[in-house]
Amino acid sequence: MNFLEECLCFIFPKACGICEKIEKNYLCLKCLKNIENSNLFCNKIDNCKKDKTKYFDYHAYLFLYKGIIREKIIQYKFENKPYLSNMFCEFFIKNKKICGFLKKYDIIISVPMTKVKIAKRGYNQTELIAKLIAKNIKNIQYKKDILIKIKDNKIQSTLNKKQRIENVKNAYKLKNAQIIKQKNILILDDIYTTGATVNECAKMLKQQKCNVSILTIAKDI
Ligand SMILES: [Zn+2]
């Protein structure tokens, strides 16, 4: 821990993101075990290679989008709690299966938001987690500005599957394409519902002959 981190720890002591008890980590062992033993825990890596409508190979996720996980994601996104990124990162890096999966990738990127939206929320929730994952997993690097969002479209959660696909069409633009050429890339998003957003992002990366997979905290079934 460097000096700045020590100061920050003194002002904002680390606490478990679930039970909020002061902890040496952002997730206490008890809460981790409780959630892993609950029916929210999936820990799945879906092989999507045979699905010709998808531009990515695998989708890995830890939880169902329900109960306490849904509550925490909503708090993280809409109640100005950027520090919960640490807890979500711990869920990923404390999971052996996910860690093994992460090690196969060179680059992790996050689903981009428009500048206006980032300014409104104060942070891009998926970027914070992607950066923390790259900090903790040796061979995977976080890259910023690979994809940028160029269309301020409607919020996906208000639309049906067909509308979602239409809504994200041409919403992203590839930048710094040379960095990602033929690399193994992981796209991080918070929730997977129909997969329309991440699929549109993956489609852009495929233009550079990348192997693309998806990592999300939860899947909404
Ligand atoms: Zn706890």
Side-chain angles (χ1 to χ4, degrees), residues 1-46 58-103 105 108-111 113 118 120-140 142 157 186-193 198 213-221:
M1 206 186 279
N2 64 32
F3 180 67
L4 181 69
E5 279 174 330
E6 270 182 45
C7 289
L8 282 171
C9 252
F10 183 70
I11 307 165
F12 304 107
K14 281 185 187 174
C16 170
I18 303 283
C19 68
E20 293 172 355
K21 276 190 193 134
I22 302 295
E23 247 282 317
K24 62 179 191 300
N25 294 310
Y26 292 97
L27 179 65
C28 76
L29 203 60
K30 200 178 159 197
C31 289
L32 174 68
K33 289 288 158 225
N34 276 347
I35 289 187
E36 283 185 348
N37 288 325
S38 75
N39 55 7
L40 299 173
F41 189 62
C42 304
N43 194 21
K44 277 189 81 180
I45 301 173
D46 291 340
Y58 298 97
H59 170 217
Y61 57 101
L62 282 177
F63 305 109
L64 287 180
Y65 186 57
K66 279 183 183 169
I68 184 81
I69 293 298
R70 184 174 175 273
E71 275 172 40
K72 287 293 158 186
I73 292 176
I74 290 172
Q75 284 178 11
Y76 179 46
K77 285 172 80 168
F78 304 111
E79 294 172 21
N80 194 27
K81 293 187 174 177
Y83 56 85
L84 286 177
S85 56
N86 295 294
M87 177 194 72
F88 289 120
C89 175
E90 292 212 17
F91 274 124
F92 285 127
I93 61 170
K94 281 186 176 153
N95 185 290
K96 263 193 188 158
K97 193 170 163 182
I98 295 292
C99 278
F101 175 73
L102 288 169
K103 283 177 183 156
Y105 294 85
I108 185 166
I109 66 166
S110 48
V111 169
M113 284 162 64
I118 295 175
K120 218 168 160 188
R121 182 170 296 166
Y123 52 96
N124 173 343
Q125 75 277 4
T126 54
E127 184 184 323
L128 297 185
I129 300 172
K131 276 183 181 168
L132 286 171
I133 287 175
K135 208 173 146 188
N136 283 281
I137 306 282
K138 232 189 197 169
N139 39 348
I140 192 162
Y142 172 76
S157 57
L186 204 55
I187 305 173
L188 182 90
D189 204 358
D190 41 21
I191 315 152
Y192 184 105
T193 308
V198 286
S213 286
I214 310 301
L215 178 68
T216 66
I217 301 166
K219 185 172 181 178
D220 190 8
I221 301 172

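Position 1 is the first residue of the sequence; numbering continues from there. Note that ligands are numbered from 1 as they come in the structure, with each ligand's atoms numbered from 1 the same way. The structure presented is a predicted model; accordingly, all values stated were derived computationally and were not measured.
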Close side-chain approach of V111 and V198, heavy atoms under 4.5 Å
yes

Using side-chain heavy atoms (C-beta onward) and a distance below 4.5 Å, is K219 in contact with K44?
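They are not in side-chain contact.
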
So with a 6.0 Å cut-off around NZ of K66, is the heavy-atom count from everything else above 12?
no

Kindly check if the number of other-residue, nucleotide or ligand heavy atoms within 6.0 Å of NZ (K103) is above 12?
no

Checking F91, Y65, F92 against I217 for side-chain contact (heavy atoms from CB on, under 4.5 Å), the one that qualifies is F92

Below 3.5 Å, can you tabulate the donor-acceptor pairs from side chains in residues 70-77 to any protein atom, sequence neighbours excluded?
| from | atom 1 | to | atom 2 | distance (Å) |
| --- | --- | --- | --- | --- |
| K72 | NZ | G17 | O | 2.9 |
| K72 | NZ | Q75 | OE1 | 3.2 |
| Y76 | OH | Q125 | O | 2.5 |
| K77 | NZ | D190 | OD2 | 3.1 |

Output, by chain and residue number, all protein N/O/S atoms separated from the Zn ion (ligand 1) by less than 2.8 Å.
C16 SG, C19 SG, C28 SG, C31 SG

